[in-house]
2 protein chains.
Amino acid sequence: MKRELSETCYLFFSTLSNPTRLAILELLRKGEKNVTEISNTLNQEQSMISHNLKPLERCGFIFSERKKRKRYYSLNRETVEPIFKIFTYHSEKYCPEKGKCLTTEHLRKRRYKEATNPMYLSHQ
Amino acid sequence: MKRELSETCYLFFSTLSNPTRLAILELLRKGEKNVTEISNTLNQEQSMISHNLKPLERCGFIFSERKKRKRYYSLNRETVEPIFKIFTYHSEKYCPEKGKCLTTEHLRKRRYKEATNPMYLSHQ
DNA sequence: TATTCATATGAATGAATTATCATATATTTA
DNA sequence: TAAATATATGATAATTCATTCATATGAATA
């Protein structure tokens, strides 16, 4: 089906429908990181990280700023946090049997004040 | 990249990252519709509509109920409306030059109050 | 300015997703 | 129960997307 009808809408959600990009967003919730740091933390090729940072920035999910040689990426918390908040609410209420999104773990942590280890590193 | 790390999260957003499915959600905002009605309104193959309804229902974005021969699908307004509300807010603030999502048209009315006091945050 | 470090880009391969067509199943009515 | 109606399913073709590798660009430092 043609996608012009809701180009922006489609772009918005398709940018979020990728494990690498979700992992990047999750990582940036901890604070800004440069490309090499993201690459090392997620254990993925630097070029692959760069390729994935581009759509995230284009959609306004992240911002970037160069500092000396490095370019630091940071989360657009204003809208990204609410997006995941709704996702968390939705998935807990309507998809309770499904596995948990790690992104929800962090939100859950706040609620119940219990620390779990960040398993988003355990992929690859 | 493996996707186990956030299976539900990935599923959630990938289900929304499809023009046909977005059009279905948009249509269902007007009220419940059966498969044939959706198919006719969107001018798409019936089987294609059925194929796309499945992931939407599986993710809890829509519900269905059989009435006589027909199966009526309805929107899960509780979470879908807030999702699009955030999308609208985000895209108007961070992607202003891009085309508008049709979904945003309906929400635009209420937009100005919520820009200062975003009620979509009330989910948690 | 030559070198090193950091990031970005492009092309091509491979992987995943989607639409299509044919057909199957399910429900109602004659 | 046969026919008509409504929806679902499966296999394949078509399309879109992601990853990789090689390399280019850009910024800082020696």
Side-chain angles (χ1 to χ4, degrees), chain A residues 1-25 27-28 32-59 61-74 123-124, chain B residues 1-25 27-28 32-59 61-74:
Chain A
M1 195 179 188
K2 289 285 178 51
R3 73 173 63 148
E4 357 96 22
L5 91 154
S6 50
E7 191 67 50
T8 307
C9 198
Y10 172 77
L11 203 66
F12 181 91
F13 291 114
S14 62
T15 297
L16 293 175
S17 78
N18 173 290
T20 304
R21 294 194 285 273
L22 288 173
I24 291 173
L25 292 180
L27 179 59
L28 293 183
E32 63 172 24
K33 299 254 181 304
N34 65 52
V35 180
T36 304
E37 286 171 335
I38 297 170
S39 171
N40 289 337
T41 308
L42 300 183
N43 235 304
Q44 300 294 137
E45 285 273 345
Q46 174 268 313
S47 71
M48 188 233 203
I49 296 301
S50 281
H51 276 304
N52 279 291
L53 286 166
K54 193 156 56 167
L56 284 173
E57 186 171 25
R58 184 166 63 125
C59 276
F61 294 124
I62 60 177
F63 309 118
S64 80
E65 186 192 359
R66 187 177 273 283
K67 290 177 181 174
K68 300 237 175 186
R69 276 175 174 166
K70 300 172 182 173
R71 178 171 289 275
Y72 282 83
Y73 285 87
S74 61
H123 70 275
Q124 130 235 290
Chain B
M1 197 176 191
K2 288 284 178 53
R3 74 173 62 150
E4 0 98 21
L5 89 154
S6 49
E7 191 68 48
T8 306
C9 196
Y10 173 78
L11 202 66
F12 181 91
F13 290 115
S14 63
T15 298
L16 294 175
S17 78
N18 174 287
T20 304
R21 293 194 287 273
L22 287 173
I24 291 173
L25 293 180
L27 179 60
L28 293 182
E32 63 172 22
K33 299 253 180 306
N34 65 52
V35 180
T36 304
E37 286 171 335
I38 297 170
S39 172
N40 290 337
T41 307
L42 299 183
N43 235 303
Q44 301 293 139
E45 285 274 344
Q46 173 270 312
S47 71
M48 188 233 202
I49 297 300
S50 280
H51 276 303
N52 278 291
L53 285 167
K54 195 155 55 166
L56 283 172
E57 186 170 24
R58 184 167 62 126
C59 275
F61 294 124
I62 61 177
F63 308 119
S64 81
E65 186 193 0
R66 185 177 274 283
K67 291 177 180 175
K68 300 235 174 185
R69 276 174 176 166
K70 301 172 183 176
R71 179 171 289 274
Y72 282 84
Y73 286 88
S74 60

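Keep in mind the model is a prediction, meaning the values are calculated, not measured. Any value given below was found using the heavy atoms of this structure, including those in side chains, with hydrogens, waters and symmetry copies removed.
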For the side chain of Gln46(A) and the base of dA8(C), is some donor closer than 3.5 Å to an acceptor across the two?
->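 Under the 3.5 Å cut-off, the side chain and the base do form a donor-acceptor pair.
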
Base dT19(D) paired with His51(A) side chain (donor-acceptor, <3.5 Å) =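 When only heavy-atom distances are counted, His51(A) does not reach the base of dT19(D) through any donor-acceptor pair under 3.5 Å.
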
Heavy-atom pair of closest approach, residues [X] and [Y]:
{"X": "Glu57(A)", "Y": "Phe63(A)", "result": "OE2-C, 4.1 Å"}
{"X": "Ser39(A)", "Y": "Gln44(A)", "result": "OG-O, 2.6 Å"}
{"X": "Pro55(A)", "Y": "Thr15(A)", "result": "O-CG2, 3.7 Å"}

Which one, dT19(D), dT7(D), dT20(C), comes nearest to the side chain of Arg71(B)?
->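 Nearest listed nucleotide: dT7(D).
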
Find the distance [X]:[atom1] to [N]:[atom2] and express it as a whole number of Å.
{"X": "Gln44(B)", "N": "dA19(C)", "atom1": "CD", "atom2": "C1'", "answer": "9 Å"}
{"X": "Lys54(B)", "N": "dT17(C)", "atom1": "NZ", "atom2": "P", "answer": "14 Å"}
{"X": "Asn40(B)", "N": "dA6(D)", "atom1": "CG", "atom2": "P", "answer": "10 Å"}
{"X": "Asn34(A)", "N": "dA8(C)", "atom1": "CG", "atom2": "C1'", "answer": "14 Å"}
{"X": "Arg58(B)", "N": "dA8(D)", "atom1": "CZ", "atom2": "P", "answer": "15 Å"}
{"X": "Lys33(A)", "N": "dT7(C)", "atom1": "NZ", "atom2": "P", "answer": "13 Å"}
{"X": "Glu7(B)", "N": "dA16(C)", "atom1": "CD", "atom2": "C1'", "answer": "13 Å"}
{"X": "Leu53(B)", "N": "dT18(C)", "atom1": "CG", "atom2": "C1'", "answer": "15 Å"}

Have Thr41(B) and Glu37(B) got a donor and an acceptor in their side chains that come within less than 3.5 Å?
-> no

Is the closest side-chain donor-acceptor distance between Asn34(A) and Arg71(A) under 3.5 Å?
->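 There is no such pair between these side chains.
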
Can you see if the side chain of [X] gets near the phosphate of [N] - specifically, an N or O under 4.0 Å from OP1 or OP2?
{"X": "Arg21(A)", "N": "dA18(D)", "result": "yes"}
{"X": "Asn52(B)", "N": "dT17(C)", "result": "no"}
{"X": "Ser47(A)", "N": "dA22(D)", "result": "no"}
{"X": "Asn18(A)", "N": "dA18(D)", "result": "yes"}
{"X": "Arg69(A)", "N": "dT7(C)", "result": "no"}
{"X": "Tyr10(A)", "N": "dC17(D)", "result": "yes"}
{"X": "Arg66(A)", "N": "dA27(D)", "result": "no"}
{"X": "Tyr73(A)", "N": "dA8(C)", "result": "yes"}
{"X": "Lys70(A)", "N": "dA28(D)", "result": "no"}

Pair Glu32(A) + Lys67(A), salt bridge at N-O below 4.0 Å | yes

Starting at the 5' end of DNA chain D, which residue's closest nucleotide do you reach first, Lys67(A) or Thr36(B)?
-> Thr36(B)

Could you pick out which residue, Lys68(A) or Glu45(A), lies toward the 5' side of DNA chain D when each is mapped onto its nearest nucleotide?
->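 First, find each residue's nearest nucleotide; the 5'-ward one identifies Glu45(A).
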
Identify whether any heavy atom of Ser50(A) sits under 4.0 Å from a base atom; if not, whether one sits that close to sugar-phosphate; answer base, sugar-phosphate or nothing.
-> base

